[in-house]
Amino acid sequence: MEANSSSLNIINASSIGEDVAIASDQVVLVPPALDSPRPVSKADRIQTVDLIRGLALLGILMMNMPGFGFPGTRYPLLLTKPDSPDFYALGAIFVAFDGTMRALFSMLFGAGMVLFTSNKQELTGGPSVVDYYYRRLLWLVLFGVFNAYVLLWGGDILYFYGLCGMLLYPFRKTKPGWLVVMALLCVSIGLFKGQLGWNETRETRAGYLTAITAEKAHKKLTPKQTEAKAAWEGIEKRIKHDPKAEAKVLKEMRGDYGSVFSHLLPENSGSETWGMYHGCWDMLAMMFLGMALLSWGFFSNKLTTSTYVATLMLGYGIGLPLGWFYFNDGLVAYYQHIGQTVDDFRTPMFAVYDFRRAFLAVGHASLLLLIYRSGIVPWLMKALTSVGQMAFTNYLMQSIICTLFFYGYGFSNYGKLSYYQLYYVVAAVWVFQLILSPIWLSYFRFGPFEWLWRSLTYWKRQPMLLSADR
Amino acid sequence: MINALLPPLPNPSLPIEADKSRRAIDLLCGLALLGMLLVTIQAFGLTDAQTQQLISNPHGGNYWLLTGMNALAGTSMAGLLTLIFGAGLLLFLDKAQAVNSMAVPELLIRALMALLVFGLLDALGVLWTYDLLFSYAILGILMFPFRLVSAQTLLIMAIVLALVFSGKSYWSFAEQKQKYEKYQTVVALEKKYKAQEKKAKNDLKATAKTKAKAKTPKLTDEQQEDKSAWEGMVKGRQYDKKQDEATIKAMRSDYTTTWSHLLPTIQYRQATYLYQFGIWDFASMMLLGMALFKLGFFADRFTTAQYLGVAVAGIGISQAIYWFTLPAFELKITDFTKYISTNPIPPDTLFRSIGQMASAVGWASVVLVLYRANVFASLWRAIQTVGRMGFSNYLFQSMLGVWFFYGYGLGYFGQFKLYQLYFVVAEIWMLQLIFSAVWLRYYRLGPFEWLWECVMTGQWQPIRLHDAESTATPILSQIPS
């Protein structure tokens, strides 16, 4: 052990035995976007995984854009005005997309873990696949911290993926059936936790109602009743538009870097703490499902066209109606008449979230694969594949572009666009990334952040130029 | 095979009598486990407020007992346990061999994930608030990628992370100080406004008969918030007899009441504390343990003079830090406002991690020197046996403590004077020393170690000594003689 441990340089394969060097060489070929080395004959498989990842990467921006540029305090206004273009935009997003792109991303992350680690032998004495796997995840966690606290994106997922990914390794050889069971287990835990929260809300509501009846009967309220009443009024207040709070948010987000940083600090640390602690099930469920789908050949374009048509029908057929309930009876009802919603539903409508997005995600992926097979828009498929191949760079680039566009230390457009107008910005970023990614990849082996990530993982500067390779 | 609070070693490459580091690690694990109880017993048996009252009220014998126990085992023993855990990670990777066609790193990851579940059960099932297993499991996985890093780099990393802990402590202190300063400005402003108001009223009276109200400035919402933020913080830290009684009542109630009472605290520790402070504390101690393992600290590779040097320096530094920062620590409890306003830095938390490192390594050296010199040999052997089933003993401590103090057990929570708690400690020590020795006479490994090994390897493992004999490992040599 001492001989190997002179410094971190041991990761440099050339300093260890030849056996290891050969094995590491294999590892070095791994494209960092969560793929694995594979024989060229299977190149097609990489392509569809990258293709779907490209879709997920672009799609995720639809849900993130409001986070970048739209104050959350405005949702009460938006959701209580059903005839505005904003309301329709929000409806479309929530019915068809909310959570689905993140689901696809998580699924492909899980699948990527299997691809990264499969068909490689563990080696004794030097770093092996498992070492590289955990090193890259640890770096991913740090990239997530960078994305949240330096680039100031409050909705970062890299941190969470890095940590959740560390739990996946022992499941890389698990049979798909069991993986689905694991996914269902994770969903159930999430549901259970959600139900506990909902029960609490219902209790508060019940306490409030008794307090109100007592008040009407001119009885004096017990301290407990007063408390319950205040608690419920607090909940109601939280979904009312608060112009004062909004003015504060706008001022802080349009301020300098320090002002935005301190505004987002509690949000960031809160989500990295409690989002991880309570919310890891959300990601783990989809990762397990993705691993299962990979081994069934779904992502690698191995199924028959009729199967993809079937998964498309099934995905949309179940996902879209659930999405409608989720939006209309969940979100809208909650904002429009919260009291009645809490009284009426023993289980929150939001509970369909994971089922709905899993079906929709499969539907979206099936649709994309069918388009890919039909060969209608090869140029678009090629561009999407490039976007997916440098997904890590594109993800961080979205943070950079959007924070600079909206935050005070950039162009300060925070809160200046209405909800539907945000999607013009989304379209612009899409076009930009769809054009830039293929061009970049015709000169370089991978995206700049992929290069950095990979160099850090192997603790060695990686070749970047495509021509240097030839 | 048995190993200190660590996954049992499947197919160890060396029998235990030939493995110096394993024996040393078992010994130190036993020491840390038993020693830790000197401090954790306070949390098992009393409310925080009750212990703090010993400091706020006129000092008596119990105060000195508390101060002495904290000096001796306050951070050192939990620190030592973390350090041993880090060392044990490398020991496992070094000495274990593949089982059930799973390579050693995979076995370790599986073991740590199982530990995560055990930790959740210990915290949310047994309801031991200060469970360490959950955090150890997460940190163990995070430390895995550093297994091949050199001892020197590990040492540097350990110190850097300890400094991050100090930095974060300073940050949180500075935030509180800032709150206090804001509060002071608001209070001064309020005084000024009141004086103005008074004056305006007098003026009105003097000029009389004008119906116009005196227009005096009022505090803005933000200023009000600044004021109440600080006031709330100070109030939250004051002794509240009613609240203390409510806590004791909840802890002596049935399981569900205690569960709901403890849930926020447990979740705070598992999420917020771990994220903000715990991770740096645990990671630095584990890395230090890994560095020491690579330096041969546990394999008896230091000279006696070196061990003694480390012992003197470690204990000297940590005791100096403890006694030097004690006034600040106590002031924080007796007069929080004064603590914040008079200190430019938070002495008690700023040097905590360095003090912990020094004391953990210091005490470990003392024991290793005595062990090597065969002084108190039978005592060390007994403690070693406790350490050899450290995981089971850790869980037994939680269960015994909870059973003795909580309402769904004997319900002595909040009923004892501090010194009386140490009779319970002695009782638990005795139980664990005897039980471990007897158990390991008949069984290959502790009961929970066995369960852990089964989960880790995905196979039923033999538990009795003679069952395992057929696997041809020199099992008999493990029986403590």
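All chains are named by letter (A, B, ...) in the order of the sequence lines, taking the proteins before the strands, and each is independently numbered beginning at 1. In this text the structure is predicted, and so the values were computed from the model without any measurement. Every heavy atom of this structure was used, including side-chain atoms; hydrogens, water molecules and symmetry mates were not.
Because its NZ or CZ atom is not both nearer than 6.0 Å to the ring centre of A:Tyr132 and within 45° of the ring axis, A:Arg136 does not count as a cation-pi partner of that residue.
For A:Glu252, the salt bridge (charged side-chain N to carboxylate O under 4.0 Å, His left out) partners at least two apart in sequence or on another chain are A:Lys248. Residues meeting the salt bridge (charged side-chain N to carboxylate O under 4.0 Å, His left out) test with B:Lys241, sequence neighbours left out: B:Glu245.
A distance of 8.0 Å separates CG of B:Leu120 from CG of B:Asp131, quoted to the nearest 0.5 Å. Atom CG of residue A:Leu167 and atom CE of residue B:Met113 lie 5.0 Å apart, to the nearest 0.5 angstrom. Going from atom OG of A:Ser128 over to atom OH of A:Tyr133 covers 13.5 Å, rounded to the nearest 0.5 Å.
Interface residues of residues 171-179 of chain B toward chain A, defined by a heavy-atom distance below 4.5 Å and sorted by number: B:Trp171. For residues 271-289 of chain B, heavy-atom neighbours of chain A at less than 4.5 Å comprise B:Ala271, B:Thr272, B:Tyr275, sorted by residue number.
Residues A:Asn199 and A:Glu203 have side chains that never bring a donor and an acceptor to within less than 3.5 angstrom of each other.
Counting heavy-atom neighbours within 6.0 Å of B:Gln306 CD, excluding the residue itself, gives a total above 12.
Among A:Phe160, A:Phe116, A:Tyr161, the one residue that satisfies the ring-ring contact (aromatic ring centres under 6.0 Å, His included) test with A:Phe109 is A:Tyr161. Checked options B:Leu139, B:Leu89, B:Ile109, B:Leu112; the residue passing with B:Phe144 is B:Ile109 (criterion: side chain to side chain contact (heavy atoms under 4.5 Å, CB included)).
Within the 4.5 angstrom heavy-atom criterion, atoms from both the backbone and the side chain of A:Tyr134 approach chain B.
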